[in-house]
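What follows is a single structure, written as structure tokens, with notes after it.
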Amino acid sequence: MLTLAIETSCDETGVALLHSKELFRHELILNLLSSQVNIHQAYGGVVPQLAMREHEKNLPLLTKRALKEVRKRGLTVTDIAYTHTPGLEPALLIGRTFAASLGWALNIPTFPINHLYGHLFSSLLTNKNIVNAKKGLFPAIGLLVSGGHTQLYLITSFTQNNLLGETHDDAAGEAFDKVARLLGYPYPGGPPIEALAKEGRKGALAFPSPMITSKDYSFSFSGLKTAVLYFLQKKKKPLSDRLIADVALAFQEAALSVIVEKTKRALEAYRARSLLLGGGVAANKILQAKLRQMVKKIFPLPALFIPEKKFAGDNAAMIALAHAFSTYSKLSKGKKGHN
Ligand code: KG4
Ligand code: ZN
């Protein structure tokens, strides 16, 4: 099975080729990404109409390169997988329409993929075979932390999951973006906040970790952003470098602590065998370290899967993989004759 995948849910145009032999045997042949971050930076966030225009321009170029590679290798595309939802509607529309046209022109079946499934399994991606994801992955807890989502899932198979809880307002990545802006840094705000926090003094400042004591799996980050805003409004301008670093550290600690704490509770409650991390915020090294430390304290010890940086944010490789997982698990169910 050779999947050509298309991702256009936000501000990255992605086209990937994944060659799959069986459930855990895949080779990522190509993973093309055309980022629009520089274009949106001037506006402090993603502008849907601009994203749409860029996807429209980039998709044919990336697809041409992918099809050239397919021909060079003497292969044939068997499936076209595309991000169907959720995301920015105008951006999604370009991907959906392009996939449908390509499928029609080349006579290849098209498959709509939920973008979140892509993120949930992105930590299982490597360039070559998927090495660590043999049997025994489920039940898994999926932690999805991106610019649009902060969610905890109970995943029981490659095609079944339950949303345990999510943010009531801003997503974790969105909070990083907004706080970075308050501190004078451009979108996306995660990387500068992480870098600034390294220079911050531990314990110099503290912001409350929102909803950390609530017994559910819900999150809320808009109050934390407002707490940072009110704190900064009282300070003399221009803000000193030291204060900026201290605020970045205190904010990051408050945001990440609640994410790690609720993930721990979910792992324990469902006696999960693994934790699958996904989404742009997964690139944060402090979050990764906190999760590594946290899982060690849980018995039985869950396997922790952290996506490589290039697979943490939006990309088409994860869309291809979600499609391959779904196809192979349906095939194996069919063979056994039960679900
Ligand atoms: O998954 P993603 O690429 O796009 C979607 O939102 O679907 O995630 C982007 C988000 C942005 O909000 C960005 O600030 C955040 O991920 N991010 C980070 C880091 N790198 C990216 N947040 C915290 N720390 C990082 N190192
Ligand atoms: Zn995403």
Side-chain angles (χ1 to χ4, degrees), residues 5-14 31 33-37 40-41 43-46 48 51 55 82-89 91-92 95 113-123 125 142-151 153 166-167 169-183 185-198 200 219 221-222 224-225 248-249 251-260 276-291 306-319 321-322:
I6 290 169
E7 156 64 34
T8 63
S9 69
C10 192
D11 59 347
E12 315 273 0
T13 316
N31 186 28
L33 200 65
S34 174
S35 178
Q36 311 170 5
V37 165
H40 298 285
Q41 225 160 33
Y43 302 91
V46 182
H55 288 312
Y82 62 96
T83 296
H84 183 257
T85 196
L88 288 178
E89 195 48 43
L92 288 166
I113 302 296
N114 185 315
H115 179 76
L116 305 180
Y117 279 48
H119 274 307
L120 286 176
F121 297 125
S122 62
S123 61
L125 265 171
L143 170 61
L144 177 50
V145 272
S146 72
H149 295 88
T150 305
Q151 300 178 317
Y153 285 91
E166 63 182 333
T167 180
D169 38 58
D170 290 354
E174 199 179 349
F176 272 84
D177 296 337
K178 287 179 176 171
V179 169
R181 200 155 145 195
L182 293 176
L183 296 176
Y185 286 82
Y187 169 87
I193 293 271
E194 183 177 359
L196 288 166
K198 276 195 196 133
F219 300 93
F221 293 103
S222 111
L224 174 59
K225 169 208 64 193
L249 177 62
F251 159 75
Q252 182 171 264
E253 278 301 307
L256 299 185
S257 301
V258 63
I259 293 172
V260 174
L276 304 176
L277 176 65
V281 184
N284 187 295
K285 292 272 184 264
I286 305 299
L287 173 63
Q288 296 179 6
K290 282 180 185 294
L291 290 172
I306 293 177
E308 281 178 39
K309 195 165 185 246
K310 63 182 170 199
F311 300 132
D314 292 341
N315 65 87
M318 68 183 192
I319 301 302
L321 186 68

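Indexing begins at 1, ligand by ligand and atom by atom, following the structure's order.
Using a 4.5 Å heavy-atom threshold, the side chains of Leu125 and Met318 count as touching. Side-chain atoms of Lys285 and Glu194, non-hydrogen and from C-beta on, do get closer than 4.5 Å to each other. Contact annotation: the side chain of Leu277 approaches that of Pro307 to within less than 4.5 Å [non-hydrogen atoms, C-beta and beyond]. Inter-residue side-chain proximity for Asn284 and Gln252 is flagged as met; some heavy-atom pair is nearer than 4.5 Å. Side-chain contact between Ile319 and His115 is present, with heavy atoms from C-beta onward closer than 4.5 Å. Looking at Leu183 and Phe251, their side chains never come closer than 4.5 Å, going by heavy atoms from C-beta outward. You'll find the side chain of Ile306 stays beyond 4.5 Å of the side chain of Ser123, heavy atoms only. Side-chain contact between Tyr187 and Asp11 is present, with heavy atoms from C-beta onward closer than 4.5 Å.
Protein heavy atom nearest atom 17 (N) of ligand 1, with residue, atom name and distance: Gly280 O, 3.6 Å. Nearest protein heavy-atom neighbour of atom 12 (O) of ligand 1: Asp177 OD2, 2.8 Å. At the shortest separation from atom 24 (N) of ligand 1 among protein heavy atoms lies Asn284 ND2, 3.0 Å. Nearest protein heavy-atom neighbour of atom 26 (N) of ligand 1: Glu194 OE1, 2.7 Å. The nearest heavy-atom contact from the protein to atom 4 (O) of ligand 1 is Asp314 OD2, 3.4 Å. The protein heavy-atom contact nearest to atom 22 (N) of ligand 1 is Gly190 CA, 3.3 Å. Looking from atom 6 (O) of ligand 1 to the surrounding protein, the closest heavy atom is Gly147 N, 2.7 Å.
Under 4.0 Å from ligand 1, the heavy atoms of His119 that appear belong solely to its side chain.
Ring geometry for Phe219 against Phe221 counts as parallel: the plane angle stays under 30°, on a 0 to 90° scale with 60° as the upper cut.
Listed here is the closest heavy atom pair of Pro188 and Pro192: O-CD, 3.4 Å. The two residues Gln288 and Ala282 come nearest to each other via the heavy atoms NE2-O, 2.8 Å. Heavy atoms only, all atoms of each residue included: Val145 and Thr150 are closest at CG1-CG2, 4.0 Å.
Considering backbone and side-chain N/O of Gly173, one or more are found under 3.5 Å from N/O of ligand 1.
Close approach to Gly189 involves these atoms of ligand 1, each under 4.0 Å from a residue heavy atom: 14 (O). Distances below 4.0 Å separate heavy atoms of Gly148 from the following atoms of ligand 1: 6 (O). Proximity to Gly313 (heavy-atom distance under 4.0 Å) selects the following atoms of ligand 1: 1 (O), 3 (O).
For atom 15 (C) of ligand 1, the nearest non-hydrogen atom from the set Ile193, Val281, Asp11 comes from Val281.
For a distance threshold of 2.8 Å, the protein N, O or S atoms nearer than that to the Zn ion (ligand 2), listed by chain and number, are His115 NE2, His119 NE2, Asp314 OD1.
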